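Just the heavy atoms: all of them, side chains too, but no hydrogens, waters or symmetry mates, feed the values below. One-based numbering, in listed order, for ligands and for the atoms of each. The first residue of the sequence shown is numbered 1, and numbering continues consecutively from there. Nothing here was measured: the structure is a model prediction, and the numbers come from that model.
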Amino acid sequence: VDYARYFSAESRSMRPNPIRALSSVINRPGVISFAGGVPSPETFPADDIAEIAAALIRERSAATLQYQPTRGNRDLLEYVAAFMQERGATRVSLENLVVTTGAQQALDVIARNLLDPGDVAAVAIPSYIGGIAALQNAQARLVGVREESDGIDMAAFEETLRRQQNVGAPVKLAYVISNFQNPSGVTLSDVKRDIILDLAARYDFLIIEDDPYGELYFDAPPPPSIFSRDRTGRVVYVGSFSKTLAPGLRVGWLAAPAPLAARFELCMETAVLCPGVLDQAIVAECCRRGLAADRLPRLREFYGVRRRAMLDALAESADPQLRWTQPDGGLFVWVDGPPAIDAEAELTRLVESGVAYIPGRPFCIDDSGKNAFRLAFSKESPDRIREGVQTLLHELSRSV
Ligand SMILES: Cc1ncc(COP(=O)(O)O)c(C=O)c1O
């Protein structure tokens, strides 16, 4: 059977994740890996989760092994509402919230409901591959806006908005990762959060604010979310427990103006009926016990030490041809190498020398980023980070 004949237009627009394609190279044993953008398993509260899960199954199986309403576990929704209110989103209530199977499902559901084929969505260059893919699966046309050290270049963005309006293809949706962005580590500044809201009102588009890293700050909390400042109902916020508890639980959420949340709930009904009930119950119990909040200071310390080791090792190189970001949180540093470097072509040789990263190009919708790469400081110990950065820089300097 020629199955391709049966594929829908949406299916045909799907592309494999370029990072997965690299996995046989970057996951080679013994390699110091700055590739995987995942939290360290050392941080997972495994014993607590084991005990909580056992108790939930033994004592409350009628609820925890049963279907539940699509919106999610009521206790969990209340914890999420309180969490967002404490961070400035004072008006958020249960009618605004939908639990999802990780932030990724929220991105998928939002893109499906807000974009028709050919609609224009704006993304940062560089940006998160899974977010780009969600927009592409909805067959949106993507326009890119360069990032600066304090987030997307708002003058260039306004220029893009104006141009798109003039050609009759206005931007409908902007995808923004406000804190410690994946892949760059960059945070959108306080003033730019207000500017993007102003642009959204003037140029009539909606904003997806994707924020899985906001709690992983190292010094001071990031500025209040775009969502919490919004008075016009133009922002959909996406949160996740993946980076603060464990990604295997697959629990995230979206917060949106009530009519949008109701739409997204409808879509979730056919997608999953309800997200994993046991997973949600585990996360709700972690919140009830205070464990989800109590562990945050240790988590920030854990990743902060690794960030420092990586930035110090990069600074020691004193290579004037290298530029890198200065993340105040999250898991990533973005490096622009010498212009002559092809980070994708160099990867196999670097892995043979014992160190791995993710090349920059897959994160850039305009095919730029050839000489750039993303370094995740989450997986390796500080000593291995220093050793890996030295090897990496030594090998790169040999290739120019
Ligand atoms: C920016 C961003 N958004 C969303 C996700 C997906 O997270 P989740 O595990 O909650 O689906 C990730 C995962 O790495 C991410 O980096």
Flag if over 12 foreign heavy atoms under 6.0 Å of CZ, Arg300: yes
Residues Glu215, Arg87: salt bridge by 4.0 Å N-O rule: yes
Exercise: do Arg374 and Asn182 side chains pair donor with acceptor under 3.5 Å: yes
Salt-bridge criterion met for Glu301 and Arg298 (N-O under 4.0 Å): no
Side chains of Gln139 and Ser13, donor plus acceptor under 3.5 Å: no
Note down each nitrogen or oxygen pair, ligand 1 side and protein side, whose separation is under 3.5 Å; give only atom names and the distance to 0.1 Å.
from, atom 1, to, atom 2, distance (Å)
ligand 1, 3 (N), Asp210, OD1, 3.4
ligand 1, 3 (N), Asp210, OD2, 2.6
ligand 1, 9 (O), Ser242, OG, 2.6
ligand 1, 9 (O), Arg250, NH1, 2.8
ligand 1, 10 (O), Ala103, N, 2.7
ligand 1, 10 (O), Ser240, OG, 2.6
ligand 1, 10 (O), Ser242, OG, 3.2
ligand 1, 11 (O), Ala103, N, 3.1
ligand 1, 11 (O), Gln104, N, 2.9
ligand 1, 11 (O), Arg250, NH2, 2.8
ligand 1, 14 (O), Tyr213, OH, 3.4
ligand 1, 14 (O), Lys243, NZ, 3.1
ligand 1, 16 (O), Asn182, ND2, 2.8
ligand 1, 16 (O), Tyr213, OH, 2.6

Glu78, Glu265, Met84, Arg71 screened by side-chain contact (heavy atoms from CB on, under 4.5 Å) with Leu97, the one that passes: Met84
